[in-house]
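Beneath this line is the structure, given in structure tokens, with notes to follow.
In the text below, chain A, chain B and the rest are named by the order of the sequence lines, each starting its count at 1.
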Amino acid sequence: MSGRDDITALDDTLLSAYLDNELEDAERLAVETALASDPALCQRLELLRQANELAKLQAQEIDSVPLPKSLTNLFETAQDNAGAKVIPFVQRAWNGLNQQSRNLALAAGLVLTVGLLVVLQQENPEPGSLQPTLATYEDLLDSVSSGSQMTRNGYALRPQFSFLDMDQSFCRVFRLETNDWSTDNIACRSLSGWQLRDSVEALPLQNPDNFMPAGSHTALLDELLDAMMSGSPLTLEQEGQLMLEGGPQQ
Amino acid sequence: MKEQLLALLPALRRFAYSLSGSVHDADDLLQGTVERLLSRSMPEDASLDKWAYTVCRNLWIDECRSRKVRSPVSWEPDLHDQVLTTEGEKDMLLKIEVAQVNAAMRQLPEDQHLVLSMVAVQGLSYKETAEALQIPLGTVMSRLARARTRLAELLQLGSMNGALEIQ
């Protein structure tokens with residue numbers, strides 16, 4: 001200590017609150033009176049102020065680092081739940097196929113028998129075409145096995161298969177559908193819960209204006225899967241084990 | 001909502017960085033926060049900024065719990081060799097590296113660290129902090145004071161300013 005052996009933790013609490021202008025008038029006046037006659041107390045107040053400034057400045061340092069692309073992409077692809085007007089779609093160019101994943105995807109039922117529509121950030125979809133938010137069905141991703149189906153609130157969720165991504169996160173490919181719309185989706189589980197990685201809409205051919213050649217849809221998914229999958233799709237046993245280990249998040 | 005959230009992103013990112021002390025962890029935390037905000041409904045009586053900070057803070061608390069034990073203090077900065085040079089604070093900082101501040105922040109007990117970030121970075125009042133964390137206002141005051149005192153001690157601010165030491 002430096003001549004301030006009488007300083008107590010209570011002093012620091014008062015000084016700290018004084019810095020934040022959080023004291024009642026009487027306490028504030030008492031602190032100011034003490035400060036006026038005690039240089040050591042003034043120095044102590046200055047130390048607390050400096051520590052606080054450093055904490056603030058430290059946080060600001062991240063401003064000089066650009067936002068990661070994954071975060072900015074999130075705004076382009078993620079579903080705006082509050083507005084519930086944006087359905088996320090990602091347009092991806094055909095870049096060759098990993099035959100294994102394509103076959104698996106096809107075998108799992110990702111081949112469409114109807115016309116497909118892939119729209120980038122379609123705004124104002126038809127009222128009936130809004131798909132449910134991840135939050136409303138993420139528990140099913142921890143409980144419904146691939147090849148099975150679960151119906152909830154008028155839509156069906158059909159897990160197609162599961163895999164581990166490059167970060168060894170548990171990921172699932174699944175279809176959501178009603179009579180009006182159908183989407184193929186990829187979601188992965190992180191520490192903060194399930195996160196939707198991609199969602200591609202597949203509409204029935206009833207609207208010829210929306211026709212897109214069959215194959216484009218699977219190409220889009222396959223390209224993404226090729227980039228994401230760290231190995232072969234999981235067996236049902238492996239998948240079941242990971243579902244058990246996960247459980248509901250938060 | 002997206003536009004509002006985009007506008008809020010820099011401040012929310014600072015808060016995430018203040019909590020985590022790592023650019024990588026901060027951006028992971030921010031991403032998780034944004035994903036939650038975009039995929040889940042917000043309480044009707046909540047404002048987006050408060051709700052966003054709440055989600056971010058809760059995710060971080062979950063993350064800390066999942067890690068069980070905080071990783072040992074590392075002196076491997078994300079922003080190598082950068083120094084704080086904000087005008088007016090140069091004398092105070094004496095070229096304290098960001099890495100040092102990060103490391104010192106990480107050494108704070110989690111409850112103190114959280115309160116410091118909420119008050120100093122997020123800008124909450126003591127009352128708001130107490131309500132958010134569901135702790136007494138006096139606890140906020142004492143945690144905050146201990147956090148600042150400990151931070152000054154770890155950074156040896158007292159020795160920079162003369163002979164004054166932190167108790």
### Message
Within a 6.0 Å radius of atom CD on A:Gln168, are there more than 12 heavy atoms belonging to other residues, nucleotides or ligands?
### Response
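Yes, the 6.0 Å shell around CD holds more than 12 heavy atoms from other groups.
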### Task
Using non-hydrogen atoms and a 4.5 Å limit, figure out which bit of A:Ser70 sits close to chain B: side chain, backbone, both or neither.
both
Answer whether the closest heavy-atom distance between the side chains of [X] and [Y] falls below 4.5 Å.
X	Y	value
A:Leu67	B:Leu30	yes
B:Glu35	A:Leu71	no
A:Asn52	B:Leu116	yes
B:Leu144	A:Asp20	yes

Atom [atom1] in [X], atom [atom2] in [Y]: separation rounded to 0.5 Å?
X	Y	atom1	atom2	value
B:Arg148	A:Leu48	CZ	CG	7.0 Å
B:Ser22	A:Ile62	OG	CD1	8.0 Å
B:Ser39	A:Gln195	OG	CD	8.5 Å
A:Asp12	B:Ser142	CG	OG	11.5 Å

Using every non-hydrogen atom in the two residues, find where [X] and [Y] come nearest and quote the distance to one decimal.
X	Y	result
B:Leu151	A:Ala55	CD2-CB, 4.2 Å
A:Gln58	B:Gly21	NE2-CA, 4.0 Å
B:Arg13	A:Pro68	NH2-CD, 4.1 Å

Please state whether the side chain, the backbone, both or neither of [X] comes within less than 4.5 Å of a heavy atom of chain A.
X	value
B:Met141	both
B:Ala120	both
B:Ser125	both
B:Leu9	side chain
B:Val140	neither

### Query
Should A:Leu134 and B:Arg36 be marked as a side chain to side chain contact (heavy atoms under 4.5 Å, CB included) after you check the CA-CA gap, both sets of side-chain angles, and the distance that decides it?
CA-CA 9 Å; A:Leu134 178 62; B:Arg36 286 263 163 151; over 6 Å; no
### Task
Keeping the roles fixed (side chain from B:Arg14, backbone from A:Asp63), state whether a donor-acceptor pair exists under 3.5 Å.
no
#### Entry: Whether A:Glu22 side chain and B:Tyr126 backbone form a donor-acceptor pair below 3.5 Å
yes
### Task
Report the C-alpha separation of A:Leu54 and B:Leu157 in whole Å, then their side-chain angles, then the decisive distance to 0.1 Å, and conclude whether the side chain to side chain contact (heavy atoms under 4.5 Å, CB included) test is met.
CA-CA 10 Å; A:Leu54 282 171; B:Leu157 296 180; 3.8 Å; yes
### Task
Using the side chain to side chain contact (heavy atoms under 4.5 Å, CB included) rule, take A:Leu47 and B:Thr149 through it: C-alpha gap first, then chi angles, then the decisive distance, then the call.
CA-CA 8 Å; A:Leu47 282 188; B:Thr149 303; over 6 Å; no
